[in-house]
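Since this is a predicted model, take the numbers as computed values, not measurements.
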Amino acid sequence: MKSSATEPLVIETFLTPEDQALDEEFLRQGYVVRDVDQPDVLDGIRHGVVEIACELLGIDLPKDDGEFLNSIHTRVTVQKLNEFRVAIYNELNSRSWFRPSYFALGKSTLESLVGNELAMQNRINLSIQTPHDESSVLEIHSDTFDSETPFQVVQWLPLVDVYETKSMFLLPPEDNQKAFRTLRRRLEEGGPVRLFQEVQDRLVWLRVPYGKVLVFTPNLLHGNTVNRVPETRWSFNGRFKGLFTPYGGPAKHLGSYYLPITTRTVSRVGMAYRPPEGFNG
Ligand SMILES: [Fe+2]
């Protein structure tokens with residue numbers, strides 16, 4: 001803003017300084033970590049998860065939700081883990097408040113980075129990664145390899161503090177650009193294991209304390225390894241994109257995989273408009 005005795009007050013940029021700072025950080029790192037917009041809602045979601053888990057296990061509610069989730073590996077075996085996870089995932093996704101509440105946690109960051117007219121993935125995924133479990137490793141990949149649109153971000157939300165191998169890794173944009181140049185050859189020669197070894201030194205392990213949300217571009221190489229921290233990771237992830245930006249492969253379309261969540265009135269008016277006969281040209 002500029003103002004003086006001779007000049008009127010003017011605004012020189014369309015984006016606010018806060019939006020510009022967020023853009024710069026996201027472009028440089030490929031991700032941002034921010035406080036959730038509504039901590040009470042996060043606590044409520046986490047407590048809902050604990051209630052469902054306790055009901056499945058037939059036990060009383062714990063005194064400390066975070067401690068209970070961090071140590072779930074003392075109550076659920078690796079063999080039973082997926083069945084347990086899917087039961088919680090299905091129960092949460094059947095509740096009408098779950099997706100709106102999930103969106104509310106990252107709303108200000110998503111609206112700044114992606115836009116205010118959004119499409120959201122139809123279901124929110126849940127990951128539970130217990131210590132030393134080799135079965136829930138997600139090998140290094142870019143989501144675009146699986147016909148996902150590059151016009152999206154992932155909102156990734158831990159229910160416990162995550163760090164080091166209890167978290168996920170991301171290859172920063174500059175290193176990712178280099179890795180993409182020889183990616184095909186690397187994958188053909190040695191698969192994702194070889195690719196991981198090649199870029200291992202450059203990976204960033206994302207530190208996300210409970211109460212914060214991670215928003216990242218899944219175009220960058222990312223994944224996780226065996227969790228060597230003696231605590232269990234619980235995290236949600238869901239995709240967001242601009243409603244009118246391009247969609248990915250046939251299985252990733254609007255209306256099934258993605259659903260509109262914040263369509264603005266004038267877009268509805270425009271989509272409903274029918275010209276009078278003879279005015280089609
Ligand atoms: Fe991914």
Side-chain angles (χ1 to χ4, degrees), residues 36 38-106 120-139 141 143 146 148 154-162 165-168 208 210-214 218 222-240 251-252 256-259 261:
V36 297
Q38 304 206 41
D40 294 353
V41 174
L42 175 60
D43 289 341
I45 291 177
R46 181 164 83 161
H47 193 63
V49 170
V50 170
E51 280 180 335
I52 298 167
C54 287
E55 203 175 313
L56 288 168
L57 296 171
I59 59 174
D60 291 337
L61 285 172
K63 284 196 184 78
D64 182 326
D65 288 349
E67 208 279 318
F68 171 76
L69 296 176
N70 261 326
S71 60
I72 202 71
H73 52 279
T74 62
R75 299 175 189 272
V76 182
T77 62
V78 171
Q79 290 71 31
K80 290 269 178 198
L81 186 65
N82 196 47
E83 187 187 327
F84 177 71
R85 183 189 66 81
V86 171
I88 298 171
Y89 162 88
N90 282 333
E91 181 57 35
L92 284 170
N93 278 287
S94 73
R95 297 181 180 183
S96 60
W97 52 261
F98 185 48
R99 287 172 68 253
S101 301
Y102 190 74
F103 168 58
L105 299 177
M120 177 181 182
Q121 195 176 346
N122 60 354
R123 306 193 110 201
I124 301 302
N125 299 311
L126 169 65
S127 300
I128 306 175
Q129 202 185 9
T130 57
H132 313 295
D133 173 16
E134 314 247 342
S135 66
S136 51
V137 169
L138 186 59
E139 284 180 328
H141 67 284
D143 290 6
D146 189 27
E148 286 285 354
V154 172
Q155 177 173 299
W156 196 93
L157 180 88
L159 295 181
V160 287
D161 295 341
V162 301
T165 54
K166 187 186 175 189
S167 183
M168 57 166 279
V208 191
Y210 176 68
K212 291 190 185 279
V213 64
L214 161 71
H222 63 281
N224 64 42
T225 59
V226 174
N227 175 9
R228 303 283 177 207
V229 176
E231 300 161 345
T232 297
R233 161 159 69 89
W234 291 68
S235 60
F236 290 121
N237 66 80
R239 304 171 187 284
F240 292 86
K252 309 285 164 79
S256 50
Y257 188 72
Y258 280 103
L259 299 173
I261 57 166

Once side chain to side chain contact (heavy atoms under 4.5 Å, CB included) is applied, do any residues pair with [X], and if so which ones, sequence neighbours excluded?
{"X": "N224", "answer": "Q129, V137, L138, R233"}
{"X": "S167", "answer": "W156, V162, L206"}
{"X": "V41", "answer": "Q38, I45, S101, L105"}
{"X": "T165", "answer": "W205, T225, N227, R228, V229"}

*What's the verdict on side chain to side chain contact (heavy atoms under 4.5 Å, CB included) for V36 and L157, showing C-alpha distance, side-chain angles and the deciding distance?*
CA-CA 9 Å; V36 297; L157 180 88; 3.8 Å; yes
As an exercise, state the distance from [atom1] of [X] to [atom2] of [Y], rounded to the nearest 0.5 Å.
{"X": "I128", "Y": "I88", "atom1": "CD1", "atom2": "CD1", "answer": "4.5 Å"}
{"X": "Y102", "Y": "F240", "atom1": "OH", "atom2": "CZ", "answer": "6.5 Å"}
{"X": "H132", "Y": "H73", "atom1": "NE2", "atom2": "NE2", "answer": "8.0 Å"}
{"X": "K252", "Y": "D146", "atom1": "NZ", "atom2": "CG", "answer": "4.0 Å"}
{"X": "Q121", "Y": "Y257", "atom1": "CD", "atom2": "OH", "answer": "4.0 Å"}
{"X": "F68", "Y": "L159", "atom1": "CZ", "atom2": "CG", "answer": "12.0 Å"}

For [X], give me all partners under side-chain hydrogen bond (donor to acceptor under 3.5 Å, both in side chains), at least two apart in sequence or on another chain.
{"X": "H47", "value": "D65"}
{"X": "R99", "value": "none"}
{"X": "N70", "value": "K166"}
{"X": "R75", "value": "none"}

Answer yes or no: is there a side-chain heavy-atom contact under 4.5 Å between [X] and [Y]?
{"X": "L92", "Y": "R123", "answer": "no"}
{"X": "H222", "Y": "V154", "answer": "no"}
{"X": "Y210", "Y": "D161", "answer": "yes"}

Please name the pair of heavy atoms, one in [X] and one in [Y], separated by the smallest distance, quoted to 0.1 Å.
{"X": "L126", "Y": "Y89", "result": "N-CD1, 4.1 Å"}
{"X": "T232", "Y": "P131", "result": "OG1-CD, 3.6 Å"}
{"X": "N237", "Y": "S127", "result": "ND2-OG, 4.1 Å"}
{"X": "S135", "Y": "V78", "result": "OG-CG1, 4.1 Å"}

*With D43, which residues qualify under salt bridge (Lys or Arg N to Asp or Glu O under 4.0 Å), at least two apart?*
none
*Apply salt bridge (Lys or Arg N to Asp or Glu O under 4.0 Å) to R239 and list each qualifying residue two or more places apart in sequence or on a separate chain.*
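Checked R239 against salt bridge (Lys or Arg N to Asp or Glu O under 4.0 Å); matches are D143, E148.
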Could you list the donor-acceptor pairs under 3.5 angstrom formed between side-chain atoms of residues 51-63 and any protein atom two or more places apart in sequence or on another chain?
none

*Listed once per pair and sorted, the salt bridge (charged side-chain N to carboxylate O under 4.0 Å, His left out) pairs that draw on residues 76-95, sequence neighbours left out*: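 For residues 76-95, and leaving out neighbouring residues, the salt bridge (charged side-chain N to carboxylate O under 4.0 Å, His left out) pairs sorted by first residue read E91-R95.
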